[in-house]
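Both ligands and their constituent atoms are indexed starting at 1 by order of listing.
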Amino acid sequence: MQLFVDTANLDEIREAAEMGVISGVTTNPTLLAKNGSGDVESVIKEICQLVPGSVSMECVSEDAKGMVTEGRKFAQWGENVYVKVPFTVEGVKATRVFTDEGIRTNVTLVFSANQALLAANAGATYISSFVGRVDDIGYDGINIIEQIVSLRDMHDFDSHVLAASIRHPLHVVQSAEAGADIATIPFKVLKQMYYHPLTEKGVAAFKADWEKLQGSCATTV
Ligand code: G3P
């Protein structure tokens with residue numbers, strides 16, 4: 001499973017890129033708004049330089065015609081830009097147009113296997129199924145990932161399943177176990193993935209023992 005970072009914050013993306021584990025970036029209007037820069041084109045172009053893999057930029061038009069106009073523009077911003085399309089009737093129509101034009105897409109705000117089947121039939125490159133928001137209302141977001149992966153494999157769709165709306169490190173493991181191709185992870189959660197108290201304890205113990213050894217060598221000189 002590939003790991004993407006889910007943020008539009010350039011400092012977070014720089015730090016994540018240096019970690020050596022990130023293959024792409026997803027943004028959305030909320031993340032771009034948090035970032036605060038109104039010059040979205042420059043932000044996305046900078047992200048494309050920081051991370052050579054897929055960079056998702058989301059359409060905000062509500063009709064297919066408007067989304068297609070936006071997406072064609074976004075695709076010009078970088079060869080690794082994927083056009084993110086919200087899962088609506090109009091968004092799926094736009095996805096079909098992008099597919100036919102060879103523009104890669106990330107169909108987002110998917111919450112059911114039915115929606116994923118429709119997105120896959122429109123040729124979606126990525127299908128972003130939201131885990132956390134489903135869990136937030138008391139249902140099982142990971143189960144939907146499992147369903148989508150199973151149907152994708154059963155019917156040999158080309159779409160990649162992207163686990164989104166990740167709330168904690170366990171969601172990442174569960175998404176991998178469910179067969180997701182990608183998980184897009186908030187920077188805070190990415191950092192949490194590294195932490196284990198026994199690792200911290202073990203590193204400190206190795207350091208202390210090494211320093212003790214160095215000290216004993218020094219005294220025997
Ligand atoms: O990529 C989608 C993701 O940003 C949504 O996450 O936490 O708003 O459900 P969240």
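- Under the ring-ring contact (aromatic ring centres under 6.0 Å, His included) criterion, Phe157 pairs with no residue, sequence neighbours left out.
- Under the 30°/60° scheme for interplanar angles, the aromatic rings of Tyr126 and Tyr82 are found to lie parallel.
- Ion pair Lys84/Glu70 not flagged as a salt bridge, since none of the NZ, NE, NH1 or NH2 atoms sits closer than 4.0 Å to an Asp/Glu carboxylate oxygen.
- Here the closest non-hydrogen pair linking Val68 and Phe98 is CA-CZ, 3.6 Å.
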Can you give me a line-by-line list of nitrogen or oxygen pairs between ligand 1 and the protein shorter than 3.5 Å?
{"unit_1": "ligand 1", "atom_1": "1 (O)", "unit_2": "Asp6", "atom_2": "OD1", "d": "3.2"}
{"unit_1": "ligand 1", "atom_1": "1 (O)", "unit_2": "Asp6", "atom_2": "OD2", "d": "3.3"}
{"unit_1": "ligand 1", "atom_1": "4 (O)", "unit_2": "Asp6", "atom_2": "OD2", "d": "2.6"}
{"unit_1": "ligand 1", "atom_1": "4 (O)", "unit_2": "Asn28", "atom_2": "ND2", "d": "3.0"}
{"unit_1": "ligand 1", "atom_1": "7 (O)", "unit_2": "Arg167", "atom_2": "NH1", "d": "2.7"}
{"unit_1": "ligand 1", "atom_1": "8 (O)", "unit_2": "Arg133", "atom_2": "NH2", "d": "2.8"}
{"unit_1": "ligand 1", "atom_1": "9 (O)", "unit_2": "Arg133", "atom_2": "NE", "d": "2.7"}
{"unit_1": "ligand 1", "atom_1": "9 (O)", "unit_2": "Ser165", "atom_2": "OG", "d": "2.7"}
{"unit_1": "ligand 1", "atom_1": "9 (O)", "unit_2": "Arg167", "atom_2": "NH1", "d": "3.4"}

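- Scanning for ring-ring contact (aromatic ring centres under 6.0 Å, His included) contacts around Phe87 gives an empty result, with sequence neighbours left out.
- Not counting sequence neighbours, Thr108 has no partner by the side chain to side chain donor-acceptor pair (under 3.5 Å) test.
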